[in-house]
Protein chains: 2
Amino acid sequence: MASAETPRTATLTDVARLAGVSIATASKAINGRAQVRAETRTRVLEAAEQLSFAPNAVARGLLQGRTGTVGLLTSDLEGRFSIPVLMGAEDAFGAGQVSVFLCDARGDAIREQHHIRALLSRRVEGLIVVGSRTDPRPPLTGDLPVPVVYAYAPSENPADISITANNVEAGGLAIDHLLACGRRRIAHVTGDASYQAAQDRSSGAQQAMRDAGLELVGGRTFFGSWSEGWGRGVASMILDQYPDVDGFFCGSDQIARGVLDSLRESGRDVPRDISVIGFDNWAVLTTNTRPQLTSVDMNLEQVGRIAARRLFEAIEGRAASGIEELPCRIVTRESSIPVP
Amino acid sequence: MASAETPRTATLTDVARLAGVSIATASKAINGRAQVRAETRTRVLEAAEQLSFAPNAVARGLLQGRTGTVGLLTSDLEGRFSIPVLMGAEDAFGAGQVSVFLCDARGDAIREQHHIRALLSRRVEGLIVVGSRTDPRPPLTGDLPVPVVYAYAPSENPADISITANNVEAGGLAIDHLLACGRRRIAHVTGDASYQAAQDRSSGAQQAMRDAGLELVGGRTFFGSWSEGWGRGVASMILDQYPDVDGFFCGSDQIARGVLDSLRESGRDVPRDISVIGFDNWAVLTTNTRPQLTSVDMNLEQVGRIAARRLFEAIEGRAASGIEELPCRIVTRESSIPVP
DNA sequence: ACTGTCACAGAAAGCCTTTTCGGGCGGTTT
DNA sequence: AAACCGCCCGAAAAGGCTTTCTGTGACAGT
């Protein structure tokens, strides 16, 4: 009855037996330790190859206390900002020897707690917490036995390690780009004022305008919602009230798309009459608008990669704490090409 | 010097010592085994609580040969189809006691191989392979010691377990919906003909038309690219050649968006004159179009959940192999509301 | 011929938990 | 009083691997 069992995956003992050595020697041979004669080593390696032996990382982890795993805790997988961060982190770890546990808390603190327990019982060596907004989030509760890095959404505790995008600087970059296109009467249209990102970009933009001796159109930032509809509406309002506007800095590509639609419908030529720059550099939007949309890219994969690197350093004991803000970059497309 | 070490996470031995029992008893108490007096059990549990003891899943896994982990292998994380599938799978496993290793092969076979090795050495109990297109993909090479389930992109080997969306049926659903809206002269505009999904939806649509004694406008499916631009262009062409067209079934929401723009620009009223239905039910597109877009949802999270369930069954030995095609559903919005 | 050195292989401990088995102990049956 | 029975608890093994320590044989030096 008990025949035809699945051929149990080979263990080091099997390899050692086949090669005619002890398991100690086999281990040393496979791991490139020194005290093995070359001839013995090849014999062991051949045996391992023949049995398609794969060392049991679980057993190894148990022994030396290092599992080579980390936890990636996201608050909501559907948020499109989490994904690139997550990709960057996965990439950075995968290139090393580290495997990544993925957990989605779905914005639920209970579930988050549950996942943390599970991860700790699996003896992950560290945790990356990926948020979906740049608003600071409460740090994980209980002092954990492993280092934690917060990515995209920084921790409220400034002593924690947090990696995020520099939205203030990005606001300045966007304005500088419009200024470089020869624009002077620039409006800033963005989303929900309760988002830290909206505030930061706004203050960066205002500072950049002041530095140039200018002021935003209307003397203010137009906060609203992160939607095309808001972009459409506010753009037509601005065209109406400030007909000499010649540049739009939009807080998201969705808003920018609405703005572009509005501008086209009112007969304005982008980029001849007006330059438009969006935010997020979301391909599906930037490359499908007419004209294609210049946008600010937050380098989110880079945020993920740096977060992974910082976690790695923290695991190795060389921890640098605090919030690290990474620079954004402008991706230029048709909507902001200077036309003489 | 070596003082102030991080307080090593508590082990069962610590708990046992604190409770004044042997580790065997402690284990039994914690795991709810029977042969422990109630009084002893509470003493152990208190000790465990006090030390914030978390059982070492690694050691447990080593002992009983069951690690409670699976691998989630995606070919490209940025593909927006992978994400919901992945979410569904993560959800289904997370609810149980299974943790998920995430690996992104980035469409590279070498990297895929590397990840598989790593996962196997971590002794995952199964693998879910998530593709980014519904075209069948070559199965994983080498006979793996664990079951594999293919999600979204089925395996080329029909004996493997594959879960995907039923695109043929979805094509029929879309047409039936347009027919139910009272449309008769329906055009089908879709993307790249080399995509299996495009072919399947097309043949489902054609069959549904035949069943109704009708024929698609132009007697054919208009294959092109998965872009707004294609949607715009082909829509205006169709309006020109077949001015009495009264329904558009689009192979993607992006194409649908282009079609909608084109219709609006040519003065057609959606949904009064023409009904439009998209595909993918991608929120950023469906809710931002004017009017909002009816679309076919592939229930990708469901695909992920079912894949997880099938993998679970396969791990437990009750495997049902073959391709399982899950139904899609229509999400009705303004673009296809019948107007008297 | 004896000691010392060196290169290599093996024995065994240890990581942390689960589980089986055996033993001590108080009470019951013949 | 002897045998027996349950109830709890502890000792020990197992799981696969790494590492340290010990042991062995060959060889050179004296």
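Naming: A, B, ... by sequence-line order, numbering from 1 per chain.
- OP1 or OP2 of C:dA9 sits under 4.0 Å from a side-chain N or O of A:T40.
- Spacing between atom CD of A:E39 and atom P of C:dC8 amounts to 11 Å, rounded to whole angstrom units.
- If you take CZ of B:R66 and C1' of D:dG16, they are 18 Å apart, rounded to a whole angstrom.
- Screening residues 114-132 of chain B for side chain to side chain donor-acceptor pair (under 3.5 Å), with sequence neighbours left out, gives A:S99-B:R122, B:D76-B:S132.
- A:R309 has no carboxylate O lying under 4.0 Å from a charged side-chain N of A:E313, or vice versa, which leaves the two without a salt bridge.
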Which atom pairs, donor and acceptor, lie under 3.5 Å between side-chain atoms of residues 47-59 of chain A and protein residues at least two apart or in another chain?
residue: A:N56; atom: OD1; partner: A:V58; partner atom: N; Å: 2.8
residue: A:N56; atom: OD1; partner: A:A59; partner atom: N; Å: 3.2

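- Residues forming a salt bridge (Lys or Arg N to Asp or Glu O under 4.0 Å) with A:R106 (at least two apart in sequence, or on another chain): A:D104, B:E90, B:D91.
- A rotation axis mapping the C1' atoms of four pairs onto the next four is fitted at both ends of the helix from C:dA1-D:dT30 to C:dT30-D:dA1 over five pairs, and the angle between these axes is 70° to 10 degrees.
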Under 3.5 Å, which donor-acceptor pairs do the side chains of residues 150-159 of chain B form with other protein atoms, sequence neighbours left out?
residue: B:Y150; atom: OH; partner: B:L140; partner atom: N; Å: 2.9
residue: B:S155; atom: OG; partner: B:N157; partner atom: N; Å: 3.0
residue: B:S155; atom: OG; partner: B:D160; partner atom: OD2; Å: 2.7
residue: B:N157; atom: OD1; partner: B:A159; partner atom: N; Å: 2.9

Base versus backbone protein contacts along nucleotides 16-24 of chain C [heavy-atom cut-off under 4.0 Å; B, S, -]: BBBBB----
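- When heavy atoms are screened at a 4.0 angstrom cut-off, B:V21 is found touching the sugar-phosphate backbone but no base atom.
- Protein atom CD1 of A:I30 is 12 Å distant from nucleotide atom C1' of D:dG16, rounded to whole Å.
- The CG atom of A:L86 sits 4.5 Å away from the CG atom of A:L72 when rounded to the nearest 0.5 Å.
- The salt bridge (Lys or Arg N to Asp or Glu O under 4.0 Å) test applied to B:E325 returns no partner, not counting sequence neighbours.
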Just list the side-chain donor-acceptor pairs under 3.5 Å for residues 19-26 of chain B, sequence neighbours left out, or say none.
residue: B:S22; atom: OG; partner: B:A24; partner atom: N; Å: 3.4
residue: B:S22; atom: OG; partner: B:T25; partner atom: N; Å: 3.2
residue: B:S22; atom: OG; partner: B:T25; partner atom: OG1; Å: 3.1

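- Qualifying salt bridge (Lys or Arg N to Asp or Glu O under 4.0 Å) partners for B:R17, counting only residues two or more places apart in sequence or in other chains: B:D14.
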Contact state string [nucleotides 22-28 of chain D, B base, S sugar-phosphate only, - no protein heavy atom under 4.0 Å]: -------
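- Listed by chain and residue number, nothing satisfies the salt bridge (Lys or Arg N to Asp or Glu O under 4.0 Å) test with A:D108 (two or more places apart in sequence, or in another chain).
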List, one per line, each side-chain donor-acceptor pair under 3.5 Å for residues 317-324 of chain A, sequence neighbours excluded.
residue: A:R318; atom: NH2; partner: A:E316; partner atom: OE1; Å: 3.4
residue: A:E324; atom: OE1; partner: A:R310; partner atom: NE; Å: 2.7
residue: A:E324; atom: OE2; partner: A:R310; partner atom: NH2; Å: 2.9

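- In terms of phosphate contacts, A:R37 brings no side-chain nitrogen or oxygen within less than 4.0 Å of OP1 or OP2 of C:dA7.
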